[in-house]
Amino acid sequence: MDSVLHPFSRIILSWYSAHKRELPWRNNKNPYSIWLSEIILQQTRIEQGLSYYLKFIEAFPTVNHLAAAKEDHVMQLWQGLGYYSRARNLHAAAKMVVEEYKGRFPDSYDDLRKLPGVGPYTASAISSIAFNLRHAVVDGNVYRLLSRYFDIDTPIDSSAGIREFFDLANELIPNFSPGDFNQAMMDFGSLVCKPSNPICIDCPLNAGCLALKNETIASRPIKRGKTKVKKRYLLYLIVKDDEDHTLVRKRGDKDIWAGLYEFPIIEFQSAEEWLGFESTDKYKESLKVFQAELNHLSNPVKHILSHQHLHVLFARVTGNTKSSVRDYERKSFSDLAQLGMPRVITRYFEQS
DNA sequence: AATTCGGGGGG
DNA sequence: CCCCCAGAATT
């Protein structure tokens with residue numbers, strides 16, 4: 001059916017059979033574990049996601065376990081991994097698989113695509129690896145590998161580029177073992193055709209690599225990019241009462257850290273206002289609300305996100321948590337470990 | 001078509 | 001300091 005296998009595809013598959021990495025989700029073709037690994041690995045290195053995968057498989061061996069879990073439990077296990085909408089979508093998708101597909105994963109690209117958090121990449125990965133369907137994945141590795149081998153200068157973050165690389169990958173993918181081909185592309189991109197210092201000298205594709213021939217390796221792939229970063233100035237009030245309890249609140253959907261818990265927070269509009277917080281009305285008002293007084297102030301902390309640079313102060317205040325404040329939950333400090341909290345907060349406690 | 005969503009690692 | 005990472009959803 002598919003005419004001749006492109007030399008590129010033949011070499012990639014051959015390389016993979018000799019060099020594929022042993023990874024826990026490659027032990028079987030269970031769509032649940034494939035799906036879980038793919039969600040965790042979105043924009044995430046394998047070394048960073050691996051321990052999370054193992055935690056989740058242990059806590060939730062099947063999609064039924066995951067669907068039955070409390071959202072706070074899912075968020076707590078996801079704590080520290082970032083892009084927290086993945087965790088909420090993961091949970092929602094598990095419920096959908098249980099309720100709409102009776103606990104059996106959908107086995108077509110289109111139905112997989114309907115699951116929250118499953119986009120073109122993830123639907124291709126699951127359908128090819130678990131169900132042997134011919135859908136090519138196009139992730140960062142594939143963009144880099146194809147843009148170099150074929151020396152393509154179309155920006156990968158343009159709609160023309162997305163289309164071009166999608167079409168190319170779907171021409172190259174064989175009818176047999178499409179899942180192996182997809183994983184081969186990614187392993188090869190991460191181990192050989194690396195972003196910096198690719199191993200061209202020993203690369204089995206070097207004879208046909210056009211970017212190597214044209215000396216454009218270092219400038220492939222082309223990206224328009226440019227992310228502008230916003231600075232934000234924050235103060236957390238860590239209230240502590242005479243029974244060692246505190247107040248936390250679950251963050252809403254419209255901002256960073258959706259679904260995570262945090263202490264009462266005050267945001268300032270400038271560095272000056274932030275550093276002089278003690279004379280601001282919003283700070284004084286908050287002290288009144290929590291019937292609190294300042295006990296200890298942390299050093300300023302800088303916390304870097306992709307699109308925001310956060311400047312954070314932690315104020316330990318002694319106050320009253322019993323007269324319940326709207327939207328806040330009263331917790332003992334030892335119970336905070338059960339909640340997912342932003343890394344900047346957990347790190348503060350680790351270091352103090 | 002652009003922006004926004006984390007956190008860590010490498011050069 | 002920059003870029004990148006098994007991308008997706010929203011605006």
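Within every chain, numbering begins at 1; the chains are lettered A, B, ... in the order of the sequence lines, protein sequences first and strands thereafter.
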| said: Expressed as a whole number of angstroms, how long is the span from A:Tyr53:OH to C:dA6:P? | reply: 17 Å

| request: Whole angstrom is fine here: how far is it from OH in A:Tyr52 over to P in B:dG7? | output: 9 Å

| request: Grab the CG-C1' distance between A:Leu41 and B:dG8 for me, whole Å please. | output: 14 Å

Between protein and nucleic acid, restricted to nucleotides 9-11 of chain C and to nitrogen or oxygen atoms under 3.5 Å apart, what atom pairs and distances do you find?
unit_1 : atom_1 : unit_2   : atom_2 : d
C:dA9  : OP1    : A:Gly117 : N      : 2.4

| Counting any heavy atom closer than 4.0 Å, what does A:Gly80 reach on the DNA or RNA strands: base, sugar-phosphate only, or nothing? | sugar-phosphate

| query | In terms of side-chain heavy atoms of A:Thr44, which of B:dC5, C:dG7, B:dG6 is nearest? | reply | B:dG6

| field | NZ/NE/NH1/NH2 to OD/OE distance under 4.0 Å, A:Glu329 and A:Arg249 | value | no

| task | Kindly express the pairing pattern of DNA chain B in dot-bracket notation, using | wherever a base pairs with another strand and counting only Watson-Crick or G-U pairs under 3.5 Å. | result | |||||.|||||

| query | The side chain of A:Leu23 lies closest to which of these nucleotides: C:dA6, B:dG7, B:dG6? | reply | C:dA6

| said: Whether A:Arg113 and A:Asp110 form a salt bridge (side-chain N of Lys/Arg under 4.0 Å from carboxylate O of Asp/Glu) is what I want to check. | reply: no

| With a 4.0 Å cut-off, would you call A:Lys95 and A:Glu71 a salt bridge? | no

| Between C:dA6 atom P and A:Arg21 atom CZ, what is the distance in whole Å? | 7 Å

| field | Same-atom distance (C1') from C:dC1 to B:dC5, integer angstrom | value | 23 Å

| said: Quick check: any donor-acceptor pair below 3.5 Å linking the side-chain of A:Ser306 to the base of B:dG6? | reply: yes

| message | If hydrophobic clusters are built by linking Ile, Leu, Val, Met, Phe, Trp and Tyr wherever their side-chain heavy atoms come under 4.5 Å apart, do A:Tyr328 and A:Leu234 end up in the same one? | response | no

| Looking across every strand, which nucleic acid part, if any, lies under 4.0 Å from A:Arg251 by heavy atom: base, sugar-phosphate, or nothing? | nothing

| said: Need one value for A:Asn182: base, sugar-phosphate or nothing, where a base atom within 4.0 Å counts as base even if backbone is also close, heavy atoms only. | reply: nothing

| field | Distance below 4.0 Å between A:His307 side-chain N/O and B:dG6 OP1 or OP2 | value | no

| Would you say B:dT4 has OP1 or OP2 under 4.0 Å from some side-chain N or O of A:Lys228? | no

| note | Residue pair A:Glu47/A:Ile256 against DNA chain B: nearer the 5' end by closest nucleotide is A:Ile256

| field | A:Arg330 with A:Asp241: basic N within carboxylate O range, under 4.0 Å | value | yes

| field | Ion pair check, A:Asp187 and A:Arg21, cut-off under 4.0 Å | value | yes

| Polar pair under 3.5 Å, donor/acceptor by atom type, side chain A:Tyr83, base B:dG6 | yes

| field | Nearest-nucleotide pick for A:Thr122, side chain only, options being C:dA8, C:dC4, C:dA6 | value | C:dA8

| Which whole number of Å gives the distance between the C1' atom of B:dG6 and that of C:dC3? | 15 Å

| field | Interatomic distance where CD belongs to A:Gln42 and C1' belongs to B:dG6 [whole Å] | value | 13 Å

| For A:Arg144 and C:dC4, is the shortest distance between a side-chain N/O and OP1 or OP2 below 4.0 Å? | no

| task | Report the relative orientation of the aromatic rings in A:Tyr32 and A:Trp35; use parallel for angles under 30°, tilted for 30 to 60°, perpendicular for over 60°. | result | tilted

| Nearest-nucleotide comparison on DNA chain C, the residue closer to the 5′ end among A:His309 and A:Ser190 | A:His309

| request: State whether A:Glu293 and A:Arg316 are salt-bridged, where the test is any N-O pair (Lys NZ or Arg NE/NH1/NH2 against Asp/Glu carboxylate O) under 4.0 Å. | output: no

| query | Roughly how far apart, to the nearest Å, are B:dG8 and C:dA9 at atom C1'? | reply | 23 Å

| query | Are the charged groups of A:Arg232 and A:Asp255 less than 4.0 angstrom apart, N to O? | reply | yes

| message | Using a strict threshold of under 4.0 Å (side-chain N to carboxylate O), is an ion pair present between A:Asp72 and A:Lys250? | response | yes

| remark: Atom CD1 of A:Ile39 and atom P of C:dA8 are separated, to the nearest Å, by 7 Å

| query | Under 4.0 Å between a side-chain N or O of A:Gln43 and OP1 or OP2 of C:dC5? | reply | no

| query | Can you find an N or O donor on one side and an acceptor on the other, under 3.5 Å apart, linking the side chain of A:Arg45 with the base of C:dC4? | reply | yes

| said: Could you tell me how far apart A:Trp78 (CH2) and B:dC5 (P) are, to the nearest whole angstrom? | reply: 17 Å

| query | Are any of A:Trp25's side-chain N or O atoms less than 4.0 Å away from OP1 or OP2 of C:dA6? | reply | no

| query | When the P atoms of C:dA8 and B:dG9 are considered, how many whole Å apart are they? | reply | 24 Å

| said: Strictly below 4.0 Å, N to O, side chains only: are A:Asp253 and A:Arg88 in salt-bridge contact? | reply: yes

| Could you state the OH-C1' distance from A:Tyr143 to C:dG7, rounded to the nearest angstrom? | 9 Å

| query | What is the nucleic acid contact for A:Ser37, judged by heavy atoms within less than 4.0 Å: base, sugar-phosphate only, or nothing? | reply | nothing

| message | Under 4.0 Å from OP1 or OP2 of B:dC5: is there any side-chain N or O of A:Gln308 that close? | response | yes

| field | Nearest-nucleotide 5' precedence on DNA chain B, A:Lys230 against A:Arg347 | value | A:Lys230

| message | Under a 3.5 Å threshold, yes or no: a donor from one side chain and an acceptor from the other, between A:Asn30 and A:Asn28? | response | no

| task | Answer with yes or no whether A:Gln48 presents, from its side chain, a donor or acceptor under 3.5 Å of a partner atom in the base of B:dG7. | result | yes

